[in-house]
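So the structure is just underneath, and the comments pick up after that.
So you know, we letter chains A, B, ... as the sequences are listed, proteins then strands, and number each from 1.
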Amino acid sequence: MDAQSFLNRTALQQDEWRDIQAIAVTALSRHPFSHYALLRFSEPAGQESRRWLQTLAERITPICPKAEARRHREDSARNVALTREGLLALGLQQGEIETFSFPFLEGMNGVHRSRILGDYGADSAENWLWGGRSGERFHVLLMLFAPTEQALRLLVEDEHKMWTNAGLSTAHEIPEPSRTSTHEHFGFLDGVGQPVIRGTPNAENQKARTGHQTLVNAGEFILGYINEDNVPPVSPFVAASRDPRGFLPPVRRIDSGTFIEDTNTRDLGANGTYLVFRQIEQNVAAFWNAIDSAAHGDVQKRQWLAAKVVGRWPSGSPVTLYPGALTDPSSGQDDSSNNFTYLPHDADGRACPFGAHIRRANPRDSLGDDPKIALASVRRHRILRRGRSYGTQIENPMKDDGERRGLHFVCLNADLERQFEFIQQTWINNPVFNGLSEEVDSLVGKGVVDYSTMTLPACPVRERINGLKNFVTVRGGAYFFLPSIPALRLLASLTADP
Amino acid sequence: MSKTHTIVAFIAQIIPDRVTAINDLLRQIESDPANNEVLPFAGFKSVHFASLTICEGHGSGQQSVSELILEVNSDDGFPLLLSTLAEHAGIRLIFSYCAGYPQSSPKQLPGYLRSKAHFPNAWHIGNTNRRVSQILDEHRLYEALQTRLDLLRPNPECPMGEKAIADDLKAYARVSFPWLKMACPSPNTLAQQLGLGWLLAAASLAAVILVGLAWKLGLILPLAAVVVTLLIGAGIYIIVLLRHEHADDREIAARGPLLLDPRHAMELGNMEDFGLQNHLTGLIELKPGAFRRWTLWTVLFLVNIAARFSKPGELAGIPSIHFAHWALIDNGTRLLFLSNFDNSWGSYLDDFTDKAGSGLTGIWSNTRNFPHTHLLVKDGAADGARFKIWARMAQTPTRVHYRAYPTLSVANIERNSAIRAGLTGSNSGEEIKGWLNLF
């Protein structure tokens with residue numbers, strides 16, 4: 001490889017698709033039935049579990065060209081991610097593990113990470129069902145997907161037998177009853193504004209669906225490619241001597257303007273990335289009752305107010321595009337419109353408030369004076385969301401039925417700090433976001449102080465609503481490394497002594 | 001030096017067998033910087049931000065010493081600040097652990113502190129011309145007006161017009177906040193009102209006048225000679241710079257990629273994100289030699305001028321810095337950087353990469369271990385991730401960070417001042433609309 005072809009790696013290379021786990025480019029929506037298992041090796045991992053990982057690597061579903069994907073539509077899908085402890089159990093040495101990203105090393109349950117993510121009080125990692133500070137530690141996140149409920153049952157049975165026989169123990173299982181609905185539990189169309197990795201076929205699909213596409217350099221989401229800073233993201237590596245069978249590519253970088261292929265080291269991260277998992281419980285009745293009380297029981301105003309909080313109507317229609325609407329402009333049918341910016345029509349936030357969920361999570365052109373700089377900056381703070389709802393749909397959103405439901409929030413990014421954590425800390429949970437004072441995202445925001453106000457810019461003067469807080473609770477979570485398939489092979493082949 | 005504020009850092013060597021004692025002392029202070037028993041910073045009514053840091057192991061081997069840094073950003077002039085600090089028992093206690101402290105004659109303490117003071121080569125103030133008390137008062141005013149608006153609003157039957165709302169707020173404010181009667185100086189300096197564009201226009205105009213004058217006086221040849229000499233000088237400078245950068249590149253290549261030490265990152269993280277505002281301390285060595293020393297001195301001189309003319313609330317487009325300063329110390333062999341900013345360390349550095357990469361690179365490329373740089377200002381901070389690794393490794397954990405208004409962002413304070421300004425005088429319909437939009 002020469003410098004030019006290295007710098008051209010802003011797009012995923014098709015001949016490397018087979019090395020990348022499928023979840024990186026697809027939400028696997030044809031596989032709506034899923035099951036997540038958190039597993040433990042013995043420490044260090046024994047021969048049996050290494051063999052399990054080795055065979056699992058061959059069962060992992062990679063990115064598929066479209067035609068092939070169509071053929072495999074009926075098949076089940078498997079993807080796998082590892083924790084820091086998992087990598088250590090497989091034999092990575094201290095010096096090697098320290099080449100991984102720092103937030104991954106500290107872990108989502110670290111005390112500084114908790115301050116960054118706003119995990120205080122009820123959301124504290126002290127109280128989590130899994131991944132918390134006191135809970136059982138785990139090494140592997142096995143993600144199983146199937147097109148039918150029947151197929152999922154068979155898949156889980158099969159895999160369960162294999163990991164148990166190989167000596168892995170089950171730390172926690174996160175079964176996920178299917179919800180084929182495109183709407184999340186609060187009732188809003190979900191998963192609309194996703195960035196698209198350059199070099200994948202999704203761009204055209206997205207353009208057709210949303211009228212818009214946000215092509216982002218592959219290096220923002222997959223290690224070993226060029227990111228929006230026009231450099232490769234920082235990636236974990238090992239000495240070449242650790243990879244005698246040559247599973248991994250050499251570390252490539254641009255040093256002082258010169259392309260360097262470092263034959264002494266191997267890029268462990270290439271074609272892999274970091275995966276964030278958070279189990280977020282949604283208290284649907286609390287949300288709608290708080291909205292109802294702010295709307296003084298007016299049913300129509302209730303819908304309108306909820307749309308202001310989210311920034312989209314339940315159908316998905318962005319409030320910015322329908323500034324005068326009093327009811328859902330696309331009621332009954334999904335509207336994935338995403339072709340808009342804020343400054344041309346909504347600079348003062350009268351349609352979509354500055355604090356609305358979608359304006360915080362993706363401010364588009366609206367931060368700062370220069371929309372060009374704002375848009376370019378936002379491109380460096382995007383994530384690929386791969387979340388799925390769990391639990392049954394509530395019958396009456398105003399009445400708590402005692403059921404637990406929520407979102408298994410999953411996202412991928414190459415830089416945990418600059419992408420996932422930044423969005424959470426600097427946008428969602430920031431009490432002074434975009435010039436506001438003492439308010440956080442009313443839908444999902446958190447902070448050390450329980451803010452509950454939301455400002456709705458209006459004429460002649462702003463309206464403020466109060467009592468909006470604590471509609472979601474974090475119940476578990478962890479940071480994972482999603483290795484490439486060759487990296488899995490290497491990890492399975494590691495010996496304890498380097 | 002700023003006319004309205006004192007921005008200063010005191011740096012003193014800690015007596016080697018007192019390092020543990022001073023660490024214990026700082027632990028007591030950091031538990032509650034505003035109201036601890038040793039050094040309750042809230043008692044200094046004119047201090048916006050203050051910080052205490054211990055820099056370990058400057059120098060090598062036997063000579064290695066730890067240093068104490070006390071940063072103060074105050075409304076008071078330096079003589080008043082100095083005497084206030086010198087009279088404080090907590091300040092005396094801390095500095096009594098430092099070398100050269102006049103143990104027997106406390107009268108010499110102001111002189112001692114003065115000898116440890118370092119004034120910045122370049123500084124930035126986010127909210128200019130405002131005292132601590134004004135910032136706090138104006139926020140109380142803002143909150144009271146917001147509450148007043150909440151009471152006015154829910155009356156859909158009889159909606160009030162913009163003028164009626166504004167009049168009500170003004171009347172309410174006049175009664176509730178008598179201090180509004182006092183004249184308020186403009187929150188922005190003359191230089192800010194003129195802006196950087198004005199500075200460039202003035203410089204261009206001066207150049208044209210100079211050429212015109214030279215033409216008139218028949219001195220065009222001497223002038224041309226001066227210009228050519230300057231150009232040759234600049235050319236030579238660039239050649240020397242490129243040679244230095246080439247040598248740096250060889251060193252970078254030999255060293256390999258800079259790695260983050262997770263223990264250091266953990267130590268820094270443990271001091272961060274307690275509330276909105278964060279702090280950054282960096283005390284690092286310049287690359288050796290007079291070339292880098294004079295280059296950095298010049299860059300800081302220019303940055304300082306640009307900062308004076310920057311848009312209110314911003315430094316090179318970055319809207320989140322309350323007080324920041326750079327000081328060349330130890331005969332220009334080390335650079336001290338102190339910054340008090342809104343939001344996280346990561347978002348602060350990202351903003352630099354997005355908006356002010358060249359200015360930042362122009363400063364930091366003169367210090368050791370900085371990533372590859374081209375022509376002083378290019379590359380460097382543009383590679384956000386590696387720049388952040390360097391910045392993390394160059395950073396020293398701030399032990400104590402005092403913040404007089406910990407929940408207010410730079411933008412909040414600007415908005416509050418704009419709301420106050422709009423309370424006086426008569427306003428047009430458009431002005432009233434704009435003013436109400438501030439809420």
Problem - Residues which pass salt bridge (charged side-chain N to carboxylate O under 4.0 Å, His left out) with B/Glu143, listed by chain and number, not counting sequence neighbours - result: none

Fill in the blank from the handout: Residues of residues 430-440 of chain A with a heavy atom under 4.5 Å from any heavy atom of chain B, in residue-number order, are A/Asn430, A/Val432, A/Gly435, A/Leu436, A/Ser437, A/Glu438

Practice task
Spell out the residues in residues 360-373 of chain A that have some non-hydrogen atom less than 4.5 Å away from a non-hydrogen atom of chain B, in order of number; otherwise answer 'none'.
Solution key: A/Asp369, A/Ile373

Chain A contact via [X] - which portion, at a heavy-atom distance below 4.5 Å:
X        : answer
B/Asn412 : side chain
B/Ala265 : both
B/Thr373 : neither
B/Glu314 : side chain
B/Pro262 : both

Which heavy-atom pair separates [X] from [Y] by the least distance, and what is that distance?
X        : Y        : answer
A/Arg253 : B/Gly256 : NH2-CA, 4.2 Å
A/Arg115 : B/Met271 : NH2-N, 4.4 Å
B/Thr147 : A/Arg464 : N-NH2, 4.1 Å
A/Asp229 : B/Ala385 : OD2-N, 4.3 Å

Practice task
Decide yes or no on side chain to side chain contact (heavy atoms under 4.5 Å, CB included) for B/Glu162 and A/Val461, but give the supporting numbers first.
Solution key: CA-CA 7 Å; B/Glu162 281 148 2; A/Val461 72; over 6 Å; no

Exercise for the section: Could you tell me whether a side-chain N or O of A/Arg418 sits under 3.5 Å from a main-chain N or O of B/Gly384, the two making a donor and an acceptor? Expected result: no

Practice task
Check the pair B/Thr353, A/Arg380 against side chain to side chain contact (heavy atoms under 4.5 Å, CB included), reporting the backbone distance first and the verdict last.
Solution key: CA-CA 11 Å; B/Thr353 298; A/Arg380 302 173 68 247; 3.7 Å; yes

Exercise for the section: Pull out the residues in residues 432-439 of chain B that come under 4.5 Å of chain A, heavy atom to heavy atom, sorted by number. Expected result: B/Leu436, B/Asn437, B/Phe439

Problem - Short side-chain donor-acceptor distance under 3.5 Å, A/His112 and B/Asn270 - result: no

